[in-house]
Every structure is written in structure tokens, then in C-alpha cells.
Amino acid sequence: MLSNKRIQELELVMEFEKVEECFKEVSSWIENVGRKRLKETINLDDSLEMLLQAQKQFREFDLIASEYCRRGQEALKKMDRWEDFSSVDVHSYRVKLQIYKDQLEEFCTQLDENRHRICETVRLYEFFDKVRQGICCMEEGVKS
């Protein structure tokens, strides 16, 4: 039984090394591109036109970022079996796996939050724009 467990652990380590390349690529993209682009969306412009432009740019980024999130999540699913192993030899790999998982979850959460915030801000600006136009029309009607 010990021998079988050890063989399974070695197979997991080999599998981890194959999947780690994907983790490294996703992690590198998050750190070098993703986080910087998310920071750019913190300060949104004050006009509806500029906000719509920012939303369009964010949607383009969101497509790419969502693909990296999906790839990272698929790689993590391949490593679900790690939870059953607790040996010292596997511990360092579990730590790496947890770091990748935490980084991916944090980034995907921030991406979702920014997507929601931009969408809600655009809706709010569109509403206020309609209200402003309605007020202008009412003022013109009163002047006539």
C-alpha cells in the first residue's frame, strides 16, 4: 500500500510539472499585464462618451483576461487530487499550487468586480444623461 501511494505521489509530481508550465504562463500574464490593466480601470472618466470608450476597451481586455482565468481554472482542476495527499514530499508542490490558486482567484474576482462596476457606472451615466435630456426638453417646453 505504501508503495502504491508513493507511486501515485510521484505521478502527481510529474503531472504537476506538466501543468506548472500553464500556471507559470497564466501567473506571468496576470502579474505583467492583467493587474496593470485592471488598475487602469480604477479611475473612470466623467463623460458618458469617454466612459463608453473605456467600457469598450475593458471588454476587449476582459475577453483575453477571461480566457487566462479559464485556462488557470482548468489547470487547477487537473490538480484536484492533490488534496488527498499529505506527505512531506508533496508539501512543497501543494504550497505552489495554493499560491497559484490564490493568485488566480484574486485576479478573477477583481476582474468580475471591475466588469460589474464599469457596467453599473455606464448604466448610471446613461440614466443621468436621459434625465438631463428630459430636463432640457421640459425647460424648452416651459420657455415656449
Side-chain angles (χ1 to χ4, degrees), residues 5-144:
K5 186 168 181 156
R6 183 69 179 147
I7 289 171
Q8 288 177 337
E9 288 175 356
L10 290 173
E11 288 172 351
L12 282 175
V13 168
M14 291 183 337
E15 186 177 345
F16 179 85
E17 290 173 354
K18 290 177 188 173
V19 175
E20 187 176 29
E21 200 57 42
C22 178
F23 288 139
K24 286 180 179 179
E25 181 183 341
V26 170
S27 178
S28 175
W29 185 87
I30 287 172
E31 291 304 318
N32 297 320
V33 178
R35 290 195 194 284
K36 291 175 185 175
R37 291 289 304 271
L38 283 179
K39 286 179 184 176
E40 292 172 4
T41 63
I42 289 174
N43 297 321
L44 298 173
D45 291 312
D46 290 339
S47 73
L48 180 59
E49 182 181 319
M50 295 300 288
L51 189 58
L52 290 172
Q53 178 72 22
Q55 183 183 39
K56 180 182 178 213
Q57 292 171 350
F58 180 81
R59 283 184 177 155
E60 293 168 1
F61 162 73
D62 188 27
L63 287 173
I64 297 166
S66 294
E67 177 62 21
Y68 275 96
C69 288
R70 185 192 61 74
R71 288 175 52 203
Q73 289 164 347
E74 284 178 2
L76 285 172
K77 282 181 186 175
K78 292 178 182 178
M79 298 284 99
D80 280 345
R81 297 184 322 167
W82 282 84
E83 295 173 9
D84 299 336
F85 294 91
S86 59
S87 78
V88 174
D89 296 335
V90 177
H91 180 73
S92 65
Y93 294 99
R94 288 181 65 153
V95 169
K96 284 183 182 180
L97 188 61
Q98 189 61 48
I99 290 169
Y100 289 131
K101 184 177 182 178
D102 292 346
Q103 179 194 39
L104 183 65
E105 285 177 359
E106 178 189 358
F107 178 77
C108 292
T109 299
Q110 288 176 347
L111 183 66
D112 288 342
E113 288 171 355
N114 278 19
R115 183 184 309 115
H116 179 72
R117 184 176 56 85
I118 289 172
C119 181
E120 289 302 309
T121 304
V122 166
R123 287 182 52 203
L124 186 62
Y125 270 68
E126 287 172 338
F127 172 76
F128 283 129
D129 195 51
K130 287 178 184 176
V131 169
R132 185 184 53 76
Q133 289 174 2
I135 291 171
C136 289
C137 289
M138 284 178 35
E139 288 175 353
E140 288 177 13
V142 169
K143 290 178 184 179
S144 300

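Numbers for residues simply follow the sequence, beginning at 1.
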**Request:** For the residue pair Thr41 and Arg117, establish whether any side-chain heavy-atom pair is separated by less than 4.5 Å.
**Result:** yes

**Item:** Side-chain heavy-atom pair Leu12, Tyr93 within 4.5 angstrom cut-off
**Value:** no

**Item:** Worked verdict on Lys24 versus Glu21 for salt bridge (Lys or Arg N to Asp or Glu O under 4.0 Å)
**Value:** CA-CA 5 Å; Lys24 286 180 179 179; Glu21 200 57 42; 5.1 Å; no

**Fill in**
Sequence neighbours excluded, the answer for side chain to side chain contact (heavy atoms under 4.5 Å, CB included) partners of Glu31 is Arg35, Gln103

**Request:** Taking the side chain as every heavy atom from C-beta outward, state whether Leu104 and Tyr68 have any atom pair closer than 4.5 Å.
**Result:** no

**Interatomic spacing from CG in Leu97 to CG in Asp102 - rounded to 0.5 Å** = 9.5 Å

**Message:** Checking Phe61 against Phe58 for the side-chain contact (heavy atoms from CB on, under 4.5 Å) test, could you report, in this order, the C-alpha distance in whole Å, the side-chain angles of both residues, the deciding distance, and whether it holds?
**Reply:** CA-CA 5 Å; Phe61 162 73; Phe58 180 81; 3.9 Å; yes

**Asked** Listed by chain and number, what are the side chain to side chain donor-acceptor pair (under 3.5 Å) partners of Glu113, not counting sequence neighbours?
**Response** none

**Distance, nearest 0.5 Å, that separates CZ of Arg37 from CG of Leu111** = 11.0 Å

**Request:** Drop me the distance from Met79's CE to Arg94's CZ, to the nearest 0.5 angstrom.
**Result:** 12.5 Å

**Prompt:** Checking salt bridge (Lys or Arg N to Asp or Glu O under 4.0 Å) for the pair Lys78/Glu74: CA distance, chi angles, key distance, verdict?
**Reply:** CA-CA 7 Å; Lys78 292 178 182 178; Glu74 284 178 2; over 6 Å; no

**Request:** Look up atom CG in Leu48 and atom CZ in Arg132, then write down how far apart they are to the nearest 0.5 Å.
**Result:** 9.0 Å

**Item:** Listed partners of Gln73 passing side chain to side chain donor-acceptor pair (under 3.5 Å), at least two apart
**Value:** none

**Fill in**
Closest heavy-atom pair, Cys69 versus Phe107, reported as atoms and distance to 0.1 Å, is SG-CD2, 3.7 Å

**Request:** Could you check whether the rings of Phe23 and Tyr100 sit parallel, tilted or perpendicular, using 30° and 60° as the cut-offs?
**Result:** parallel

**Prompt:** Which residues satisfy the side chain to side chain donor-acceptor pair (under 3.5 Å) test with Glu120, sequence neighbours excluded?
**Reply:** Arg123

**Fill in**
Sorted by chain and number, sequence neighbours left out, side chain to side chain donor-acceptor pair (under 3.5 Å) with Thr109 holds for none

**Request:** Please collect all side chain to side chain donor-acceptor pair (under 3.5 Å) contacts where either partner lies in residues 53-64, sequence neighbours excluded, each pair once.
**Result:** Asp62-Ser66, Asp62-Arg115

**Item:** Asp129 and Gln133 side chains, donor-acceptor separation under 3.5 Å
**Value:** yes

**Item:** Steps toward side-chain contact (heavy atoms from CB on, under 4.5 Å) verdict (Lys96, Phe16)
**Value:** CA-CA 10 Å; Lys96 284 183 182 180; Phe16 179 85; 3.8 Å; yes

**Check ion pair Glu67-Arg70 (N to O, under 4.0 angstrom)** = yes

